[in-house]
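All residue numbers in this chain count up from 1 along the given sequence.
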Amino acid sequence: MNYTSNVGGGLTSNVPFYIEAMAKADTTAGFSNQAPTLQTPGVKYGSASNTFKLNPLVELSDPDGDSLVFEIATPLEGQGTPVPDYLYPDQFCNKYSPGSSTYTINQQTGEITWAAPCYQGIYTITTIVKK
């Protein structure tokens with residue numbers, strides 16, 4: 001069984017996660033646009049109290065060379081339905097040690113920075129990539 005520290009108080013073995021993709025393209029003028037693709041699995045490792053950084057551009061490519069915009073998001077368990085009792089990683093840490101952690105994303109590069117992870121564990125993070 002897998003448990004995610006920042007979802008449902010760690011009791012996540014039966015929580016479904018939903019992935020959504022939306023594409024819009026004007027094909028009337030022969031315009032073609034391909035979606036970005038993730039090259040490798042999105043599992044990374046860090047350690048408690050050391051800043052964790054993740055740069056998805058290392059693993060994400062856009063065949064058309066379009067610029068991408070990145071956002072932090074709440075994971076979904078169904079269309080438009082957030083995973084219940086989800087806490088962003090910094091919210092999880094600050095619940096137990098207020099003001100101890102920050103969690104940010106650079107919208108242009110997609111680099112995620114989680115300063116001062118508080119506890120060893122598995123954490124769910126979600127991003128949205130827009131063209």
Side-chain angles (χ1 to χ4, degrees):
M1 281 191 183
N2 289 327
Y3 298 98
T4 304
S5 299
N6 62 326
V7 177
L11 305 174
T12 58
S13 60
N14 293 319
V15 174
F17 287 93
Y18 172 79
I19 298 173
E20 181 175 278
M22 179 174 50
K24 295 180 184 179
D26 178 5
T27 58
T28 58
F31 176 74
S32 174
N33 194 14
Q34 299 176 37
T37 57
L38 186 62
Q39 304 301 315
T40 60
V43 176
K44 299 295 174 193
Y45 299 93
S47 60
S49 301
N50 292 313
T51 298
F52 172 80
K53 291 190 179 236
L54 171 66
N55 189 336
L57 282 180
V58 172
E59 295 144 358
L60 189 68
S61 65
D62 184 78
D64 304 313
D66 296 328
S67 61
L68 304 173
V69 176
F70 300 84
E71 297 175 6
I72 292 173
T74 300
L76 301 175
E77 67 173 0
Q79 187 173 15
T81 307
V83 168
D85 301 320
Y86 175 77
L87 295 173
Y88 291 106
D90 60 334
Q91 291 174 324
F92 175 82
C93 288
N94 290 329
K95 180 177 179 180
Y96 301 103
S97 182
S100 66
S101 186
T102 59
Y103 176 68
T104 59
I105 191 167
N106 180 311
Q107 290 187 314
Q108 284 74 42
T109 67
E111 183 172 75
I112 295 168
T113 303
W114 181 15
C118 53
Y119 298 105
Q120 181 176 331
I122 298 171
Y123 294 85
T124 296
I125 61 173
T126 306
T127 58
I128 295 174
V129 181
K130 296 180 180 180
K131 286 186 152 197

Participant: Kindly write out the residues that satisfy side chain to side chain donor-acceptor pair (under 3.5 Å) with T81, not counting sequence neighbours, or none if the list is empty.
Facilitator: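 None.
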Participant: State yes or no: do L54 and I19 share one hydrophobic cluster built from I, L, V, M, F, W and Y residues joined by side-chain heavy-atom distances below 4.5 Å, directly or via other members?
Facilitator: no
Participant: Which atoms form the tightest heavy-atom contact between F70 and Q108, and what is the distance?
Facilitator: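 That would be CE1-O, 3.8 Å.
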Participant: In Å and rounded to the nearest 0.5 Å, what is the CG to OH distance from D90 to Y103?
Facilitator: 8.5 Å
Participant: Quick check: is Y88 connected to L76 through a chain of hydrophobic side chains (ILVMFWY, heavy atoms under 4.5 Å apart)?
Facilitator: no
Participant: Within the 4.5 Å heavy-atom criterion, are V83 and F17 side-chain neighbours or not?
Facilitator: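 Side chain of V83 against side chain of F17, heavy atoms only: contact under 4.5 Å found.
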Participant: What are the two closest heavy atoms between E77 and P16, and how far apart are they?
Facilitator: CB-O, 3.2 Å
Participant: What is the minimum heavy-atom distance between N50 and S47, and which atoms define it?
Facilitator: ND2-OG, 2.8 Å
Participant: For D64, what residues pass the side chain to side chain contact (heavy atoms under 4.5 Å, CB included) criterion, not counting sequence neighbours?
Facilitator: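 N33, Q34, D62, D66, K131.
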Participant: Are the side chains of Y86 and N6 in touch, meaning some heavy atoms are under 4.5 Å apart?
Facilitator: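 The answer is yes, as the side chains (C-beta and beyond) meet within the 4.5 Å cut-off.
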Participant: Show me the donor-acceptor pairs within less than 3.5 Å that the side chains of residues 110-130 make with the rest of the protein, sequence neighbours left out.
Facilitator:
| unit_1 | atom_1 | unit_2 | atom_2 | d |
| --- | --- | --- | --- | --- |
| W114 | NE1 | S101 | OG | 2.8 |
| Y123 | OH | Y119 | O | 2.8 |
| K130 | NZ | E71 | OE2 | 3.2 |

Participant: Which heavy atom in N94 sits nearest to a heavy atom in S100, and how many Å separate them?
Facilitator: OD1-N, 2.8 Å
